[in-house]
Structure formats: structure tokens, C-alpha cells
Amino acid sequence: MKPRIPQGTRDFTPQQIAKRNYIFGVIKEVYEIYGFRPIETPTMELLDTLTGKYGDEGDKLLFKILNNGDFLKDVKDSLLAEKNSRAIIPKIAKRGLRYDLTVPFARFVVMNQNALSFPFKRYQIQPVWRADRPQKGRYREFYQCDADVIGSKALLYEAEFVQIIDEVFKRLNIDVTIHINNRKLLAGIAEVAGIPDDKFVDMTVAIDKLDKIGHQGVLDEMIRREIAPGAAEKLMELLKITSIEALAAKMDDSGSEIGLTGVEEIQEIWRFLEHSPLKNTLNFNISLARGLSYYTGTIFEVTANDVEMGSILGGGRYDDLTGIFGLKNMSGVGISFGAERIYDIMEAKSLFPEGINNNIKVLIVTFDHAALDYGFGILTALRKAGISADIYPEPAKMKKQMKYANAREIPFVVVIGDNEMETGKLVLKNMETGEQDQLFLEDLIKVFS
RNA sequence: GUAGCUGUAGCUCAGUUGGUUAGAGCACUGGUUUGUGGUUCCAGGGGUCGGGGGUUCAAAUCCCCUCAGUUACCCCA
């Protein structure tokens, strides 16, 4: 049987795990400094919880879990004969794998509201699953690193997230641009341009591609999406305004209340950050839209400078995420780091620091069975002293044991034979320099402590 | 869902206009050395050339179907 893994999934070697944990570690540390606490939710949710939250496209990308037992027993023959998968799925699958961490979080908040105090700040680093077509930087199983604060409309939290983003990428040594926009401002622009509400989503999908396909491309895309050419052209004119002040004036002139609110929100975030300099650039970007339909206010996105790569973080404010689960008036704002893409960037630019691969310190090699017995005692003493150590499990040829130490990138080897057992002085070899020392056990322990 | 590219040893890949017994490097095993690896030398095992069908005296190579991987679009982290 040929070993395989499902499409879009990956194995991780110890070296890769070390690097991933480094990224997760930095993100966690910063989240905790800003007062976020970790939660975890189950891998699977009830399908009811997930369906309808990500649009039709999202529903198709949900992994469903087949019910246990005789799952076809109660399905009517007529339904089976129809071959309508959509209708049959709820009958044979009541659970699905989580698609993101935000919807499970909303459910969590509603279910645990008595145990939480608001504003509630949580972070969550767990894998999610999407039955998407994999491609570069996109997988069917991947980790999200979310932080959200729920139960407050304060724009101070938006400012905090900007600081968090800045701090994380500063620590990871990646130069980024933090793009920020506001859904209300987009609504205002749509209003001024005369784009009807039912075309708003089409509009945002189109203008989100501005960087990629240019002005003409966006215009074509909007017309393809049946937005009136006149309105589309007016919108393109508005998109050319890049300063917040000019947009504020425009919204004021046109009497767009919602647009004005959007501008004011952005300006308030800027005020919070005025006296706290950032390392990275914070960029107001009118063409930033993001697909997710539940955002209602601020929208964030981060791109790495000097690297061809999609966004490495997304986020925003949503006013009514928990409403669907029966808890009204819970405004929240959150972000999600794209750990996989961050990993790829750091790998490509060799940004992982030395020494994050926490390997064992020393390997004991022996010449014969007597030495192996003796060596096992030494090994135990080292481990009791808290030193990460290993022994080659048999007195194989020196060459083989050394090769093994080398392949595992173990920095030191202790050699044990007749001489060492007689004198009690152990040979410690530095595998990098080739230098050797003779030490008693207690001195050996000191070297590694 | 649509389109392009790729499937040859455990891994990375060569294999010419179809032509004898399909190769290399790494990895693995054994020997050489015999108290020292990364950096001696020698030998060895391991392949239904993704699968099926077709053309041909002859197919890894050409054609068709199929499966898988991958990249791009849609959408998204």
C-alpha cells in the first residue's frame, strides 16, 4: 500500500514544528500582553451552527461528518431517488469541521455568557478546515491565530489591534503595511455613487481587486456584475481620493451620514495612535474591502513589503455576530494571523532565528555492552539533572553512532569505553569543532546546566 | 466548478527523432577501517515507468480514457 495523505493536508517534521511554534509563540505572547486569554473549541461543530454563516460558497466548502451507525435508515427513498445532495446532507450529517474560529467563538460567547465578563478578550490558535481547491499558500487544513474582543463598541480596541499587529511583525522581523478601511465609509461611497444596497457586496468584491487588476479592471468587473455604468464610473472617481480629509469633506458635501461616520471612526483610531509610534506603516486604503459579509465597521488587512504574497492578516469589526445565536447588541472586533503564509515568508527570507530548534544537548555513544550499561547510568544522571540527553541503543560501530549524532544535529557526544569506565573521566566531544575534553560526571553536568 | 502543467527507485530527478537488460545523486544494508561523524574505498538490495486501453515488429517515450498531485481563475488565510 502506497502511503498518502489527503489533498491539501501536510505532515510536519520536528524542525518545521519548531519554526511554527516560534511563530505561534510570538503571537501568543503579544496577545497575552494585551490582555487576551486563550480558549479552545471543538474540532467539530453541529452543522446547523456552521451552515449559512459563510454564504453559499462557504457552505460548499464545509467538511461534513457522516453520522455514525446506519445513517441511511431514516432517509426517505423519495429523497434518495431525487439525488439532491443539498437536501440529503442534513439527514446524514449533523456535524461538520470548523471552517474558521470566529463563528465557533460567537457560539461560545452566547453559550458561556454567564461565565464571561464583557468586554471579553480571547485568543484562539487552532486548525480549521475548508474543502477548497488547494494552491500555493492555501491548504485544506490550516491554523488560524485569532484574537477578538467582544462586548464593546470602543474604537480603542481597533487601535490596540493595530499595535498588536505592529508588535508581532516587529518581533518576527517582517516589514509590513497595515491597511485599514471602514465598511461604513464604503457604504457611504456606494450611497454617493448611487449603487443600490443589493449591489453593495458586488461592489466591494470588485474594488478589493483594485491593486491587482487596476482601475479599468475594477470598472469592467462592476459592469460584469450588473452595476449601472454611470454609478460605477462615479465610484471610480471617488476611489481616486486617497486622503481621509478629502473623503470627509466629500461625505459631508454629499450628506452621506453613514460615510461620515466611517470617516470619523478612522480618524478616531488615528487619534489613539497619534502618540504611540509604530514601526510599520499604517495605511488608509479606500480600496480595501474584504469579502466576509459580517464586517460592519473597521476592516484590517496586512501585506508584507517586498514579497509577492496575498494578505497575511485579516480582520475587522462586526456589530452583530452573536445575534444569530440569540444574543443582541454584542459588537466585536478581531484579527486573524495567516500563520502559513507568515511561515512561507520567513522561510523565504531566512528570518527564523538560530536556536529555536530545541534539540537534545548530548548523545552518549559506547564501545561495548559493559560501556552501554555504564552509559545508561550516566544518561540517567544527566536526565535527572534536567539535561536533555540520549544514548545510542546498542554498542554499534563508532562510525554509525557518530553519523547518527551528526544527522540529528546533536551538538555534543559523550564517548564511553574501557578507559572512561576505569578512570571515571568521560570524553566529551564537540561535534562542531571536533574538540574533545575529559570530564568527571559532575563537571559534565555543570557544562550543560 | 473552469483551465494549464506534472506523474520513472524511499526522496530529488535524468532518460535524445519510439529500439537491446530503465539510470544518477541522496537515503538504506553489508564489507573496508577497527577508540571518532560531517569528509575513505568497495559491494548490495530496492522500479507492475500512476492505472486502463490503443497504434507498432518494438512504447517510460506517440494517441485516447481515467486517477492523483500541482499552479492559476472563482473565493479566501
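Letters go in sequence order (proteins before strands), and every chain restarts at 1.
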Identify the pairs formed between an N or O of the protein and an N or O of nucleotides 26-31 of chain B at a distance under 3.5 Å, and give each distance.
none

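- Counting any heavy atom pair closer than 4.0 Å across all strands shown, A/Gly137 reaches a base atom.
- On the C1' atoms, B/G37 is 30 Å away from B/G23, given to the nearest whole Å.
- With centres under 5.5 Å and a plane angle under 30°, the ring of A/Phe142 is stacked against the base of B/A77.
- For a distance-only test at 3.5 Å, the side chain of A/Gln436 qualifies as a donor-acceptor partner of the base of B/U36.
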Exercise. Using Watson-Crick and G-U wobble pairs whose two distances are both under 3.5 Å, how do you write the pairing of RNA chain B as dot-bracket, with | for links to another strand?
Worked result: (((((((..((((.....[...)))).((((.........)))).....(((((..]....))))))))))))....

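- In this model, the phosphate group of B/C74 is approached by a side-chain N or O of A/Lys209 to a distance below 4.0 Å at OP1 or OP2.
- In the set B/G35, B/G37, B/A77, the nucleotide with an atom closest to the side chain of A/Lys429 is B/G37.
- Using C1' as the reference atom, B/U32 and B/G44 are 14 Å apart when rounded to the nearest Å.
- Distances from the side chain of A/Met398 to the nucleotides B/G37, B/U36, B/C74 place B/U36 closest.
- Among the atoms of the strands shown, none is found under 4.0 Å from any heavy atom of A/Glu409.
- Residue contacts for A/Tyr139: at a heavy-atom cut-off of 4.0 Å it reaches a base atom on one of the strands shown.
- Residue A/Arg225 has its side chain nearest to B/C75 when only B/A77, B/C75, B/G35 are considered.
- Candidate nucleotides B/A77, B/U71, B/G35 were compared by shortest atom distance to the side chain of A/Lys136, and B/U71 ranks first.
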Can you give the donor-acceptor pairs under 3.5 Å from side chains of residues 400-422 of chain A to other protein atoms, not counting sequence neighbours?
| from | atom 1 | to | atom 2 | distance (Å) |
| --- | --- | --- | --- | --- |
| A/Gln401 | OE1 | A/Thr366 | N | 3.3 |
| A/Gln401 | NE2 | A/Thr366 | O | 2.8 |
| A/Gln401 | NE2 | A/Ala396 | O | 2.7 |
| A/Tyr404 | OH | A/Arg408 | NH1 | 2.9 |
| A/Arg408 | NH1 | A/Asp390 | OD2 | 3.1 |
| A/Glu420 | OE1 | A/Gly417 | N | 2.9 |

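- Along RNA chain B, the nucleotide nearest A/Tyr143 and the nucleotide nearest A/Thr433 are compared for position; the residue whose nucleotide lies closer to the 5' end is A/Thr433.
- Rounded to whole Å, the distance from CG on A/Asp11 to P on B/C11 is 13 Å.
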Problem set entry | Stepwise side-chain hydrogen bond (donor to acceptor under 3.5 Å, both in side chains) check, A/Tyr54 with A/Asp100 | CA-CA 10 Å; A/Tyr54 311 102; A/Asp100 70 0; 2.7 Å; yes

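- Among the protein residues, A/Gln7 comes within range of the sugar-phosphate backbone only, with heavy atoms under 4.0 Å from sugar or phosphate atoms but none that close to a base.
- For the C1' atoms, the distance from B/G7 to B/A77 is 29 Å, rounded to whole Å.
- Between A/Gln135 and the phosphate of B/A72, there is a side-chain N or O to OP1/OP2 separation shorter than 4.0 Å.
- A/Arg10 forms a cation-pi arrangement with A/Tyr139, by the criterion of a distance under 6.0 Å to the ring centre and an angle within 45° of the ring axis.
- Going from the P atom of B/G19 to that of B/A59 covers 11 Å, rounded to whole Å.
- At whole-Å resolution of the value, CD1 in A/Ile165 and P in B/A77 are 14 Å apart.
- Between A/Asp132 atom CG and B/C73 atom C1' there is a gap of 12 Å when expressed in whole angstrom units.
- Side-chain N/O atoms of A/Arg133 and base N/O atoms of B/U71 include no donor-acceptor pair closer than 3.5 Å.
- You'll find a donor-acceptor pair under 3.5 Å spanning the side chain of A/Asn419 and the base of B/G35, going by distance alone.
- Taking atom P in both B/G15 and B/U8, one finds a spacing of 14 Å when rounded to whole Å.
- Remark: the A/Arg130 side chain and the B/C75 base include no donor-acceptor N/O pair separated by less than 3.5 Å.
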